[in-house]
Amino acid sequence: MAEDRQPADIVEGATTGDVEDEVQPTAKSAEDRKAAAALSKLDAHGDDETAPAREVDQEAVKNAMSALGDGAVKKEVKKAVKVDAADVNLLVDELELPKAKATELLKAHDGDAVKAMRAYLQPDF
Amino acid sequence: MPQTLSTREANLFRTVIRYYEDKQYKRGLKAAEQILKRNPKHGDTMSMKALILNAQGKTEEAFALAKEALTIDMKSYICWHVYGILYRTNKNFDEAIKAYKFALKLEPDSHQIQRDLAVLQIQMRDYQGYIQSRLAMLKARPQLRQNWTALAIAYHLDGNLRQAENILTTYEKSVTTTPLRTDFENSEALLYKNTIIAEMGDIERALEHLETDCKNCLDRLAVMELRARYLAQLGRKQEAAKAYRALLDRNPEHPEYYKGLINSLGIPAVAEAAQKAVYDEVPGDFFRSTAKEYLTLMFDKGVPSTFANVKHLYSDASKKDILPALAREYLEELRGGSVARDQANGDSSKGEGAALYFLAQHYDYYLSRDLARAMEYVEKAIELDPKSVDFHMTRARIFKHQGEIARAAEAMDHARSLDTKDRYINSKAAKYQLRNNENEKALATMGLFTRAETVGGPLADLVDMQCVWFLTEDGEAWQRRGNLGLALKRYHTVFNIFDTWQEDQFDFHSFSLRKGQIRAYIDLIRWEDRLREHPFYFRAALNAVNLYLSMHDKPQNGTNGVEAGQANGEDAAERKKAAKKAKKEAQKAEREAAEKAAKQDPNKAGAQKGKDGEEAKKKDEDPNGVKLAATTDPLGDAMKFLWPLLQFSPRNIEGQFAGFEVFVRRKKYLLALRCLKAAVAIDRGHTRVLEQAARLRKVLDGAMDSLAPKVKGVIETELAEVPGA
């Protein structure tokens, strides 16, 4: 499988075809559509469409999809912990954590800065 | 609102895009200008122009223009998308994600944007975001298997194994026709599911699934290996042993299988006691006779790796004594002529040389070291065969262990000259030259094996080839020579190479999925997550941190950081002189390299000219690290190296020590204490732990009042638990 060695769509920086996909729907004349289609073939992402269509039971998929819907949105219910902005800043400053991490750490310790800092000091290995 | 163009210009706009995709940047720019002449405020065109500018390397201009385009046309998803692409190519992935999300909000049906966003999210390990993106992509095209697999991957990496399995099963159930046996994607997906089940810890079910659903999988070896492992894990030893035997039939050279077989035969349960008994009770008789047979065979053949093959036995004291005795015995027998070896072979010196060589290595080995005797033996061996690369190499090595660095380098270079086609000995010679602070010579040695065409000479090629060991050793040598700039330069280069390895995964998020090779992909992701645990990273980073520390403690007055600090007397003058010389040499080498590059350039430039807009390789603005060494904030610069060090190698006490030193100087006492506590956990009694603890206490005594009350409280309670504080 020689063609497996290098992904065909590897282009330094932006992938090709980023914008062309978007343009497709706006193509008006037949010629435009043809050009767009030709272009999209150059785009290796096009594999998606050309992949051999497997026989999929549409009904089953539909059912499966609807079952998925809630499963994914399900998130753990987080405790509502009030966090003092001054404490967040203290942690950001003293422990050099990003703000989000500092807030998370505080929340995990009921907003108690001293507890949070002590916990952070412990070797975690 | 999206601005409309006339038909003619709309066509022109499409050609702009096409030119961009074909990398015909100049033509693309021209076309864009044409549109802008009539519609100077057309946001989409401005964005495309920015994209082209960015591809030409004019990053700042590109950003300015893209921003302007955005302010003109806030509601254009193209503008937002381009903005995201700009951020992405400049590796600001967080901002890129934001821009993509906005573009997607404006154009929710764009597969392209959704796909780009998803790739960024998994690259940044935003699992929640990735799950959402993958779910949306699955909903858009549920008929594609890879969309299902991708969602499973998202859940899997997020740690939700049950849901991951569930997704895969759902797809399997929705397929009406049985997949072909040759369907690689199907085969891999089944095995992927199997590994998920095993990861959940349900080995029983994993085995069952393997034996039923995966029995026809195309990766037979994986099936066999997994089966053997599961059986062993389940304690079904007889079957496991059988499975491992089957694997050994396929490949008798794989040590893991032997381990598996030994384990399933139940040997380790008695191992230690049994082994001890064997050694104590039967004083090596059996070992002796077997070893003798082995060594005689190897010596007769003149196998140079004989010592390397048996040295692992040296951890056992009796074997350590028996093996050299056997070698000596062999020599005596040869000399006494007691055994009339078949002289038909003609090469009786081969055996003698091999045995002498074995003994030289024996006395050079750290568990049985006697360097004078080692030298004696190796000289004798060389006498027999003066052209042997191996003998000379070991001679160099013995010099190194004697601390004779210069002679070691010389000897290794001599060994190299005996076989100039061998890359291994070539690298060895270069390394020994670096240990002897001969950077230029080492580079020339390496240059014998680098690509001659590379612009920038051997060094550029070594950087391209990500030759980390050389860069690290080179940096260390420069550091010893007092050229901080070049030392830092090398450490930064190593750092960047690790960055590159992290970015390399980018392409695989979509590629692996398309090829259906999910297990390898998961391995890759997990490897990437722990990339900077690598000892190569640790070494270069620790060097850099320590160098920055010394720069902080002894600010340099020279701009290049070449001049050493004010040490006293002649020593300093001498060092200064040496440093100056080093600087000159470096400049000379640089000049020569530049000249060489210039000579090669013409062809190169000619070749490149053909392609419109093909950008030349970015020029290094600071090849000698002058700017790096001129930093006014060495401690700040050290942080980039230090964080990964502490995060990925927390058990290495040297890293914790270095972290303490940096944090204490930066007055980040909590973080210094954190390093100290980690060091205590690693090695309580280490003298440096006690020293650092006492120092922290002393510093804090003077600084306590300036600390925030909460911090003060934490430090007081935590420091009390540290010995020596």
Side-chain angles (χ1 to χ4, degrees), chain A residues 4 7-23 25-29 32 35-36 39 42-45 47-48 51 53-65 67-69 71-73 75 87 90 93-96 113-114 117-118 120-125, chain B residues 7 11 14 17-18 20-21 48 51 54-55 77-78 81-82 85 88-89 107 110-113 115-116 131-132 135 138-139 141-146 163 166-167 170-171 173-177 179 507-508 510-511 514-515 650-651 668 670-671 673-674 677-678 681 708 710-711 713-714 717-718:
Chain A
D4 282 5
D9 63 331
I10 288 188
V11 173
E12 213 165 316
T15 32
T16 52
D18 278 349
V19 196
E20 144 266 311
D21 260 15
E22 304 152 14
V23 174
T26 62
K28 278 170 196 127
S29 73
D32 281 346
L39 262 180
L42 292 177
D43 177 15
H45 284 307
D47 278 11
D48 286 3
R54 226 179 292 275
E55 288 301 316
V56 176
D57 181 346
Q58 297 296 344
E59 199 53 38
V61 166
K62 225 168 151 191
N63 287 339
M65 291 301 304
L68 272 182
V73 198
K75 270 186 194 161
D87 282 339
L90 183 72
D93 193 44
E94 291 291 335
L95 303 179
E96 307 205 326
V114 172
M117 285 190 281
R118 284 195 64 178
Y120 188 72
L121 287 191
Q122 308 311 318
D124 55 353
F125 51 85
Chain B
T7 324
N11 283 337
R14 273 189 284 283
I17 294 171
R18 192 153 55 219
Y20 169 71
E21 273 152 21
M48 279 312 297
L51 205 51
N54 184 56
Y77 67 89
I78 294 185
H81 194 185
V82 165
I85 295 173
R88 192 179 76 177
T89 53
E107 181 70 15
S110 165
H111 295 312
Q112 183 65 51
I113 300 177
R115 188 159 47 209
D116 283 0
I131 290 175
Q132 292 310 320
L135 198 62
L138 176 59
K139 280 182 177 155
R141 290 184 193 169
Q143 68 279 18
L144 275 182
R145 177 170 209 160
Q146 55 171 270
Q163 182 71 334
N166 192 13
I167 301 283
T170 310
Y171 175 80
K173 278 188 194 150
S174 69
V175 180
T176 46
T177 52
D507 304 316
F508 289 90
S510 50
F511 173 70
R514 212 165 57 237
K515 294 292 173 191
R651 286 167 187 281
K668 298 286 178 187
L670 276 178
L671 288 167
L673 184 54
R674 184 167 186 255
K677 283 178 74 75
K710 282 177 185 169
V711 175
V714 171
T717 32
E718 290 293 333

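Every chain is numbered from 1 and lettered A, B, ... according to where its sequence line falls, protein lines coming before strand lines.
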Check whether any side-chain heavy atom of [X] lies under 4.5 Å from a side-chain heavy atom of [Y], and answer yes or no.
X        : Y        : answer
B:Glu718 : A:Met117 : no
B:Lys710 : A:Asp87  : yes
A:Tyr120 : B:Val714 : no

Check: Checking heavy atoms, do the side chain of B:Thr717, its backbone, both or neither come under 4.5 Å from chain A?
Finding: side chain
Item checked: Under 4.5 Å from any heavy atom of chain A - which part of B:Ala678 -> both
Notebook entry, point to check: Atom CZ of A:Arg118 and atom CG of B:Leu673: how far apart are they, to the nearest 0.5 Å?
Noted result: 10.5 Å
Check: What distance do B:Leu670 atom CG and A:Leu90 atom CG have between them, rounded to the nearest 0.5 Å?
Finding: 8.0 Å
Checklist line | Non-hydrogen atoms of B:Arg674 and A:Asp124 that approach each other most closely | finding: NH2-OD2, 4.1 Å
Next item on the list: Test side chain to side chain contact (heavy atoms under 4.5 Å, CB included) on A:Leu95 and B:Lys668 and set out the steps.
Entry: CA-CA 8 Å; A:Leu95 303 179; B:Lys668 298 286 178 187; over 6 Å; no
Notebook entry, point to check: Which residues pass the salt bridge (charged side-chain N to carboxylate O under 4.0 Å, His left out) test with A:Glu94, sequence neighbours left out?
Noted result: none
